[in-house]
Amino acid sequence: MNIKELQGSDIRVRFCPSPTGNPHVGMIRTALFNWAFARHVGGTFVFRIEDTDAARDSQESYQALLDALSWLGLDWDEGPEVGGEYGPYRQSERGDIYARVMSQLTEAGYTYPCYCSAEELDARREIAMKEKRTPGYDGQCRNLSQAEVDAYEADGRSAVIRFRMPGSDFTWNDLVRGELTFKAEHVPDFVLVRANGDPLYTLVNPVDDALMKITHVLRGEDLLSSTPRQLALFAALEDVGVASYTPLYGHLPYVMGEGNKKLSKRDPGSALSMYQEEGYLPQALLNYLALLGWSMGNDVEFFSPQEMATAFTLERVNPNPARFDLKKCTAINGDWIRHISQQELIGHVIPFLENAGVVTSPPTPEQLETLNLAVPLIQERLDKLSAAPELISFLFKDVVAIDPALWSEGALEVLIESETVLAGIESWSHDSIQSLLKATLVEGLGIKPKFAFGPIRTAITGHKISPPLFESMEILGKEICLDRLSAAIETLK
RNA sequence: GUCCCCAUCGUCUAGUGGCCUAGGACGCUGCCCUUUCACGGCGGUAACGCGGGUUCGAACCCCGCUGGGGAUACCA
């Protein structure tokens, strides 16, 4: 197959994180772009777990990765849980494959053992830098004789396995940056297998891309400088029959955090779990992340993952780094909260109310009925789901606690008057409540709306800010409202 | 040090030689709407890093500089 003449359905991309720590939004951005690209062209999205670093990988992180993609709706066609014809999809289960490939590579002369110790390497690197030479590995063990190998072994030394670079320059046409070239002398022989026999990323990543028939590698800019090595390895892999072609590479821009640094765990907003806890909608997070390095080009910034996939092309990916802006992300989340249906929003908000103890788990039929009435009132007031409990908890309590500092001048008079007229009201609807109160307080007593309704709001909701007052009173019902008014009057007397 | 990447409002971006006295969004901000808070509407603020070319014409092409980032691992 000629890599340049692929049909859409031939295209295979992958997302291959290491399960170290919590999922990170920069990583999710990479997953999103790969997913969108695959979906746009009708190709295959492969999910692979690169757990070759036993010291740092964990089962919890592995599970977190699965949960993250599932929550976000970034469905994968091959990978953990779903399988596929190129599995297993966890590198920790592919040890025999790497061993087999290594022996093929070794047999063909592409590798050699290197006995240099870390100390020796450091010392030589320092000298190279002093002499303004390229500081990478200098090829010391490239052509060891059998006698020298035996001597090292007799000495008790263990060897890493290095890849023998071909000595040619490397040029590729980066999918997002255009033609890129590295001179041969700047990409030294690199380590494929640790002295203890563990294969390294430098080996397993290209090997799995080859075996899994990956056609397009879209990854972070941080991996740009390792591309020449992978190109060299791929040539060797093709030679020994492991790879049938070398994939095309595209390097996505960094996602930056505070202070011109790559977004790190320290940055607020870097952990995916925060978005779940604070109540961001998955499509909103994805919508924002899409804007970090890609745009539709028509000033449209509000779109669903599906709409993104429909419009996604590599030509529109921007090469320059983007700073993560939580404020804008939150604004888009607010847009999404307003955009979904009331029923959807109720479903999203319930877990937050349960957690806060505002409603029972699961909510009672009465609570659900209240929610049906209350959620429309707060839909345009929410930028995160986590803000909901505080906004409507007063609708689910028997009494509300009131901070005395909230009472304004003249509150008592307003409350007494309100209680009196409301006690005699005929229909308890927000319209009639409003017109009665307006006629009595504003027009009758000449009190400004702010001072007329402010105290009532405080008495009813316990807060200075709340959902619309009269609608809230309607939901609460006449009895509770009158109770709260008289309770407030008692404390103020 | 060496190599590589990047360069438009504070931030994300549109812009691929004339449509640009540079457009949109977030932020900030003024006004309107208004029972609070929001939402919404109408405005405002604010950018092509610098210097050379190429061209009738450059944000757009080329070179240099500067600035920022990354790599230079038995991490990924």
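This one's a predicted model, so the numbers in the text were calculated from it and none came from an experiment. We name chains A, B, ... by the order of the sequence lines, and we start the count at 1 in each one.
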Rounding to a whole Å, what distance do you find between E471(A):CD and A38(B):P? 17 Å
Mind checking A195(A) for me? I need base, sugar-phosphate or nothing, with any heavy atom below 4.0 Å counting as a touch. base
Closest to the S466(A) side chain, choosing from A7(B), U11(B), U36(B): U36(B)
Distance from I447(A) atom CD1 to E417(A) atom CD, nearest 0.5 Å? 8.0 Å
Should the ring pair F453(A) and F470(A) be called parallel, tilted or perpendicular, given that the plane angle runs from 0 to 90° and is split at 30 and 60? perpendicular
Closest to side chain of K327(A), choosing from C26(B), G70(B), A76(B): C26(B)
Mind checking if N318(A) touches a base, just sugar-phosphate, or nothing, with heavy atoms under 4.0 Å? sugar-phosphate
For a quick check of understanding: with a heavy-atom distance under 4.0 Å over all strands, which category does S18(A) fall into, base, sugar-phosphate or nothing? sugar-phosphate
For the residue pair F312(A) and F33(A), categorise the inter-ring angle as parallel (less than 30°), tilted (30 to 60°) or perpendicular (more than 60°). perpendicular
Proximity of W336(A) and Y280(A) rings by center, below 6.0 Å: no
With hydrogens left out and only the distance checked, is there a donor-acceptor pair under 3.5 Å joining E301(A)'s side chain and the base of G24(B)? yes
Give one of base, sugar-phosphate or nothing for P188(A), where a contact means two heavy atoms less than 4.0 Å apart. nothing
Per R381(A) side chain, nearest of listed nucleotides C6(B), G69(B), A38(B): A38(B)
Ignoring hydrogens and angles, does a donor from either the side chain of R323(A) or the base of U11(B) sit under 3.5 Å from an acceptor on the other? no
Using OP1 and OP2 only, check whether a side-chain N or O of N320(A) sits under 4.0 Å from U8(B). yes
Would you please indicate if the ring centroids of W76(A) and F15(A) are separated by under 6.0 Å? no
May I have the distance from F182(A) (atom CZ) to U72(B) (atom C1'), rounded to whole angstrom? 11 Å
Polar pair under 3.5 Å, donor/acceptor by atom type, side chain D299(A), base G23(B): yes
What is the nucleic acid contact for P467(A), judged by heavy atoms within less than 4.0 Å: base, sugar-phosphate only, or nothing? base
Need one value for F324(A): base, sugar-phosphate or nothing, where a base atom within 4.0 Å counts as base even if backbone is also close, heavy atoms only. nothing
Partner of C9(B) by Watson-Crick or G-U wobble geometry, both contacts under 3.5 Å, or none? none
